[in-house]
Amino acid sequence: MASSQKLTEYERKRLENIRRNDEMMAALKIHSKATELSASSSAKRQRVVTKSYKVSPEKKPKTQSPIVIRRSLRTRGMPPEYSDFKALEDTVEATPMAAKSSTQSNPSPRDLGPLSSRDAYRGTGSDKLLMDRILGVSKKPHEEFGDENGGDSIKGVCDRLELGSLSLNPENIARVVPGRIMNVRFLPCSNSRMIVVGNKFGDVGFWDVDSSMDEDGIYLYHPHPGPISGISIQQQRLSKIFTSCYFGFIRLMDAEKEVFDLVYSSDDSIYSLSQRPDNIKCLYFSEGRGGFNIWDERVGKCSTQWNLHEDRINSIDFNSENPNIMATSSSDGTACIWDLRSVNVDQPKPLREVRHNRAVQSAYFSPSGSSLATTSTDDTVGIVTGVNFDHTSMIKHNNQTGRWISSFRAIWGWDDSYVFIGNMKRGVDVISPAQKRTIFTLESPHMSAIPCRFDAHPFNVGMLAGATSGGQVYMWTLG
DNA sequence: TTTTTGCTTACAGAA
DNA sequence: TTCTGTCCAGCAAAAA
């Protein structure tokens, strides 16, 4: 009842705002001009009909109401109680968008334990092709594929990479999931173009770009009850895909067993997930306000629990040159570099701390491992260099994404030359760490929304996936 | 000092 | 084509 009152109040204020704005516009006599402008800008932005996920009708719930605002106990700072826990689940399932990817007859993703991929699947038709495809590439992850790199080494192609050659073809656009995408990853193998995304509703979507056997190569699953905070796939085990969720769950999608196994659950939120490139047995993830855990598959529990930050840890990344070196970014306004071999349990002290004026959304090591790129809501992208990461340059970049767009996170391309980050004008800014400025912007009339989360294909230079708050993925390619 | 409130804002889908 | 609902960020200012 309180929520409906709140909505009414919200609506009332919203209408009042609109009325005030209208009055102001009328006073300035620019209302009609603005209408014209708005009409012409939307005319310029053509609507592109692209591949899209499809939800199986029989898995749709009968009702989509009442609409209740979702707020977890954790975000309200309250201890979890069973009754509230259940109430929360009901709320989640009743949310209209979430309802589209949930079901009344199938098991809830809140059920602890393994969830068969068949039960988690929300698409039409069968997902057998996807499972076969993942198993196929996982057995031969490095067969020759296409001519993306023209048979050259990655370094050779990077040296010649011209940003102007990156293009977005309409066939490389798809709506993979409903709602806001929080994470996007390429399957890290050289012989496929498979993109995995996680959204706000707990859906995990797959897009097999090279699919030709079926209609569009898009597969939708609902393994989690809330926002997907991390996706981790290792080159050595492509058939095992870990996903984490704000509601405190980590699941492992095993394409061999066709199941989403529950590997970890907690009452605290999990905000980020990662794996060391040299260790397939451990998961590294953040939990609650500043907590950091290492979960060890061999013992089936957390072997390490540290408190590394004062606030949530938004990203965890490992240095390719020395995987003992790890970078974390946090809403406490810092990004830190740690040596995992020498972290003091009681008073963890980082090797290096990079200070921003506001929350830090990400901190990623460059491909060579010699630089670190940080992104903060203080409107800067930090580039940290030097033998001991002792030099920091702050590059101005508008990172005010507002409420509806996921925060920007600058990622590295295929070598240390470029950093890619979204911008609010439906473009992808390319920052040169050497020149310490934005040197190029990828733009396309096919990009109808703001790309906010990215991944660079680890083996195909120029292949860049950008994901939006509307569930779309744009795959830029070279040439 | 801690908690609450208000403000920002783009997008998809319904009407 | 226009309208409506979104709401799991993050911060600043106001209130407690």
Side-chain angles (χ1 to χ4, degrees), chain A residues 3-4 6-18 20-22 35 38-43 45 47-50 52-53 55 64-78 88-89 91-92 94-100 175-182 198-202 224-229 244-249 268-272 288-289 311-312 314 330-333 356-362 375-379 398-409 422-426 447-453 467-472:
Chain A
S3 61
S4 67
K6 208 167 187 174
L7 271 178
T8 311
E9 177 73 359
Y10 174 77
E11 281 168 346
R12 190 185 60 76
K13 287 192 172 165
R14 190 168 175 276
L15 287 169
E16 198 173 291
N17 274 341
I18 291 168
R20 269 210 309 270
N21 286 341
D22 277 350
T35 310
S38 144
S40 66
S41 76
S42 61
R45 220 195 314 149
R47 185 163 288 211
V48 188
V49 179
T50 56
S52 177
Y53 69 91
V55 179
Q64 296 193 347
S65 60
I67 298 162
V68 184
I69 294 169
R70 292 164 54 189
R71 284 185 70 199
S72 76
L73 295 169
R74 275 185 289 275
T75 57
R76 284 179 283 171
M78 292 161 72
L88 178 63
E89 177 184 347
T91 307
V92 171
T95 305
M97 290 298 283
K100 285 189 179 168
R175 198 174 301 280
V176 184
V177 288
R180 185 198 298 191
I181 292 177
M182 318 224 10
N199 74 357
K200 195 181 61 173
F201 305 123
H224 286 285
I228 306 285
S229 53
S244 61
C245 163
Y246 274 28
F247 287 9
F249 301 102
D268 277 324
S269 292
I270 295 170
Y271 290 115
S272 44
R289 283 176 70 96
D311 209 335
R312 56 188 270 182
N314 296 310
S330 167
S331 295
D332 68 8
H356 280 268
N357 294 324
R358 289 188 184 175
V360 187
Q361 299 300 337
S362 64
T375 308
S376 167
T377 43
D378 70 358
D379 283 347
N398 175 20
N399 297 331
Q400 299 307 306
T401 50
R403 189 176 178 175
W404 314 120
I405 309 294
S406 292
S407 56
F408 290 149
R409 295 178 171 183
N423 77 27
M424 292 301 279
K425 293 175 179 167
R426 299 189 183 86
M447 257 191 337
S448 58
I450 294 167
C452 50
R453 294 287 160 94
T468 76
S469 280
Q472 279 184 304

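Residue numbers start from 1 in every chain, and the chains themselves are labelled A, B, ... in the order their sequence lines are given, proteins ahead of strands.
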Calculate the interatomic distance between [X] atom [atom1] and [N] atom [atom2]; express it in whole Å.
X	N	atom1	atom2	result
A:Asp378	C:dG10	CG	C1'	12 Å
A:Tyr271	C:dC8	OH	C1'	7 Å
A:Arg180	B:dC11	CZ	C1'	11 Å
A:Asn199	B:dA12	CG	C1'	14 Å
A:Arg403	B:dT9	CZ	C1'	9 Å
A:Asn399	B:dT9	CG	C1'	15 Å
A:Phe408	B:dT9	CZ	P	13 Å
A:Asn423	B:dA10	CG	C1'	14 Å

Donor + acceptor pair across side chains of A:Thr468, A:Arg180 (<3.5 Å):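 Side chains of A:Thr468 and A:Arg180: no pair found under 3.5 Å.
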
Choose from [options] the nucleotide whose nearest atom is closest to any side-chain atom of [X].
X	options	answer
A:Gln472	C:dC8, B:dA12, B:dA10	B:dA12
A:Tyr53	B:dC11, B:dG13, C:dC8	B:dG13
A:Met182	C:dA9, B:dT9, B:dC11	C:dA9

Output all residues satisfying side-chain contact (heavy atoms from CB on, under 4.5 Å) with A:Ser362, sequence neighbours left out; order by chain, then residue number.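 Partners of A:Ser362 by the side-chain contact (heavy atoms from CB on, under 4.5 Å) criterion, ordered by chain and then number, come out as A:Ser315, A:Tyr364, A:Thr375, A:Arg409.
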
Would you say whether A:Trp404 stacks on C:dT6? The test is a distance between ring centres of less than 5.5 Å and an angle between planes of less than 30°.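 Here the ring of A:Trp404 and the base of C:dT6 are stacked, with centres under 5.5 Å and planes under 30°.
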
Less than 4.0 angstrom between a side-chain N/O of [X] and OP1 or OP2 of [N], yes or no?
X	N	value
A:Arg312	C:dG10	yes
A:Thr377	C:dC11	yes
A:Lys200	C:dT6	no
A:Gln361	C:dA9	no

Is there side-chain contact between A:Ser407 and A:Arg453, with heavy atoms separated by less than 4.5 Å?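 Yes, at least one pair of side-chain atoms sits under 4.5 Å.
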
Hey, can you tell me if A:His224 and A:Phe249 have their rings parallel, tilted or perpendicular (30° and 60° cut-offs)?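 Judged by the thresholds at 30° and 60°, the geometry between A:His224 and A:Phe249 is tilted.
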
Pick the P atom in C:dC7 and in B:dA14, then give their distance to the nearest Å.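 15 Å, rounded to whole Å.
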
Which value, rounded to the nearest 0.5 Å, describes the distance between A:Thr377 atom OG1 and A:Asp379 atom CG?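 The OG1 atom of A:Thr377 sits 8.0 Å away from the CG atom of A:Asp379.
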
Under the 3.5 Å rule, do the base of C:dC11 and the side chain of A:Arg358 count as making a donor-acceptor pair?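 Answer is no: no donor-acceptor pair is held.
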
